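Beneath this line is the structure, given in structure tokens, with notes to follow.
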Protein chains: 2
Amino acid sequence: MTSVIVKEVERIVATDARRKMIESAVTLLAMRGLQGTAFSDVLERSGAPRGSIYHHFPGGKDQLVDAAITASGQRTVQILDAVEGASSIAITTYFLDLWRDVLVRSKFRAGCAVLAVTVATDSTELLDHAAAIFRAWQARLAELYVSAGVDPTTASSYAITLIAASEGAVALSRAQRDMAPFEEVAAHLLATTP
Amino acid sequence: MTSVIVKEVERIVATDARRKMIESAVTLLAMRGLQGTAFSDVLERSGAPRGSIYHHFPGGKDQLVDAAITASGQRTVQILDAVEGASSIAITTYFLDLWRDVLVRSKFRAGCAVLAVTVATDSTELLDHAAAIFRAWQARLAELYVSAGVDPTTASSYAITLIAASEGAVALSRAQRDMAPFEEVAAHLLATTP
DNA sequence: GTCTATACGAAGATAGAC
DNA sequence: GTCTATCTTCGTATAGAC
């Protein structure tokens, strides 16, 4: 009879395999795009067993991609908790730092997984979820700016512009493999912070 | 003996087939991304004969994609000639209109072909060409703003921010299949026009 | 320049044993 | 939950006739 402890270990390992697959998918989507991300790559990178794909993701690739962008989107929202109560400038700086890190640490090979999916899918379901992620970012950023004393309308307007411009700036710097475009946009965004 | 006229007609038809393939590739890249754009789709959409792909593009898919983003990028630069001598606000409005048209006319199914390639390729050659296109847009826009009386440094800084924010805004509105995100970013960009 | 046919590989997905 | 094997489809690319 299998002990409770063994079962718990098995659950953790299983959860871990699923989690690793999702994390690998996030990275690959950010580097190679939607159709450029194959199951075989996800498995190789995550070390997960081939047989477990359709166990964890019976909905196939779309389900894995969905889980990946959701995880990536939620993590970004959570990371923003660190600037709760900070100044307006500090919030903008922090958000730009997140993207700067992605570019620098990947040596310009990675961008935003959610954007990559958005520009390469027809699935209304994936688009809906991508849109929800962007709205969640905007809502969280706006909330932070309001806490910093910005009026709600300005906060919301600036938040979405910050998101759009950051996404674009990351892509421009990826193309050029140089931080210059990103930094130029970042400077402009900081200078116009509410 | 084949007449000069027949030869000229043949040249035009050939050129036209090549041109149609490039145009189809631009549209498909903007809608489905890099790997989502297959030769079979390009042929179907352009009506070009299957046997002529490797005749016109011996370098294969990369060469076709390269020609497509170059054509798309150059057309954008040329279209900007229409606002030569216009006011700063008119220039910004015009550039935003270009992207608004892409979204509306495609019913949110299309975005920017150059961006789609940028986020989905490892090819340094394609990345270099994408970067060159973005720089050409920036240079042309900055030039126009300077003509409108803006100082060169501000013009350059605003131009690249406008490009980055527009690219991001198009993606956000595509995800949501609604002009709202784009219009919110557009309003902010217009309000901060130099 | 264009056609058909086909090679070749990769990718998503499924089946059934363990 | 995981493994191996396999099916099917599709994509790029090439060969050779016309």
Side-chain angles (χ1 to χ4, degrees), chain A residues 2-22 24-25 28-29 31-68 117 120-123 125-126, chain B residues 2-3 5-22 24-25 28-29 31-68 116-117 120-123 125-126:
Chain A
T2 316
S3 78
V4 214
I5 293 178
V6 168
K7 282 194 174 171
E8 179 59 14
V9 167
E10 280 167 354
R11 195 190 64 78
I12 290 172
V13 170
T15 301
D16 205 54
R18 186 189 153 91
R19 192 185 53 75
K20 278 184 181 170
M21 276 189 271
I22 292 175
S24 301
L28 288 166
L29 287 170
M31 293 197 315
R32 306 187 207 169
L34 180 59
Q35 296 93 338
T37 298
F39 275 148
S40 52
D41 300 323
V42 172
L43 292 172
E44 190 182 349
R45 176 172 273 264
S46 63
R50 178 149 208 90
S52 55
I53 290 185
Y54 285 89
H55 172 71
H56 291 297
F57 304 98
K61 186 169 178 176
D62 274 7
Q63 191 182 349
L64 171 61
V65 169
D66 207 333
V117 172
T121 188
D122 304 321
S123 158
E125 202 173 331
L126 282 178
Chain B
T2 315
S3 77
I5 293 177
V6 169
K7 282 195 174 171
E8 178 60 13
V9 168
E10 281 168 352
R11 194 191 63 79
I12 290 172
V13 170
T15 300
D16 204 54
R18 185 190 155 90
R19 193 185 53 74
K20 279 184 181 171
M21 277 189 271
I22 292 175
S24 301
L28 287 165
L29 287 170
M31 292 198 316
R32 306 187 206 168
L34 180 58
Q35 297 94 339
T37 299
F39 274 148
S40 52
D41 299 323
V42 172
L43 292 172
E44 189 183 349
R45 176 172 271 265
S46 64
R50 177 147 209 94
S52 55
I53 290 185
Y54 286 88
H55 171 71
H56 292 296
F57 305 99
K61 187 168 179 177
D62 274 8
Q63 191 182 348
L64 171 60
V65 169
D66 207 333
V117 172
T121 188
D122 304 320
S123 159
E125 202 174 333
L126 283 177

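Chain letters run A, B, ... following the sequence lines, proteins first and then strands; every chain starts at 1. What you are looking at is a predicted structure, and each value in this text was computed from that prediction instead of being measured.
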Checklist entry - How far apart are the C-alpha atoms of A/Leu64 and A/Phe39, what are their side-chain angles, what is the distance that settles it, and do they pass the side chain to side chain contact (heavy atoms under 4.5 Å, CB included) test? => result CA-CA 9 Å; A/Leu64 171 61; A/Phe39 275 148; 3.6 Å; yes
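- A donor-acceptor pair under 3.5 Å is absent between the side-chain atoms of A/Thr121 and the main chain of A/Val117, judged by distance alone.
- Taking side-chain N and O atoms only, A/His56 has a distance below 4.0 Å to OP1 or OP2 of D/dT2.
- One can place CD of B/Gln35 at 18 Å from P of D/dC10, the figure rounded to the nearest angstrom.
- The separation between B/Arg32 atom CZ and D/dC10 atom C1' is 13 Å, rounded to whole Å.
- Spacing between atom CG of A/Leu64 and atom P of C/dA13 amounts to 10 Å, rounded to whole angstrom units.
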Checklist entry - In the 5'-to-3' direction, what one-character label does each nucleotide of nucleotides 13-18 of chain D receive under the scheme B = base within less than 4.0 Å of a protein heavy atom, S = sugar-phosphate only, - = no such atom? => result BB----
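- Counting only distance, with no hydrogens or angles, the side chain of A/Thr37 and the backbone of A/Leu28 share a donor-acceptor pair below 3.5 Å.
- Residue B/Ser52 holds its OG atom at 6.5 Å from CG of B/Leu43, rounded to the nearest 0.5 Å.
- Summarising the geometry, the separation between CZ on A/Phe57 and P on C/dG12 is reported as 14 Å, rounded to the nearest angstrom.
- Here D/dG11 presents its P atom at 6 Å from CG of B/Asp41, a figure rounded to the nearest Å.
- Closest to the side chain of A/Ser40, from the set C/dA11, D/dG1, C/dT2, is C/dA11.
- Rounded to whole Å, the distance from CG on A/Leu43 to C1' on C/dA10 is 14 Å.
- In terms of phosphate contacts, A/His55 brings no side-chain nitrogen or oxygen within less than 4.0 Å of OP1 or OP2 of D/dT2.
- Looking only at side-chain heavy atoms (C-beta outward), A/Arg45 and A/Asp41 stay at 4.5 Å or farther from each other.
- In this structure, CG on B/Leu126 lies 11.0 Å from CD on B/Gln63, to the nearest 0.5 angstrom.
- Comparing A/Gly51 and A/Gly36 along DNA chain C, the residue whose closest nucleotide (by nearest heavy atom) sits nearer the 5' end is A/Gly36.
- Rounded to whole angstrom, the span from the CZ atom of A/Arg19 across to the C1' atom of D/dG1 amounts to 18 Å.
- Going from atom CD1 of A/Ile53 over to atom P of D/dT4 covers 13 Å, rounded to whole Å.
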Checklist entry - Checking side chain to side chain contact (heavy atoms under 4.5 Å, CB included) for the pair A/Glu125/A/Asp62: CA distance, chi angles, key distance, verdict? => result CA-CA 9 Å; A/Glu125 202 173 331; A/Asp62 274 7; over 6 Å; no
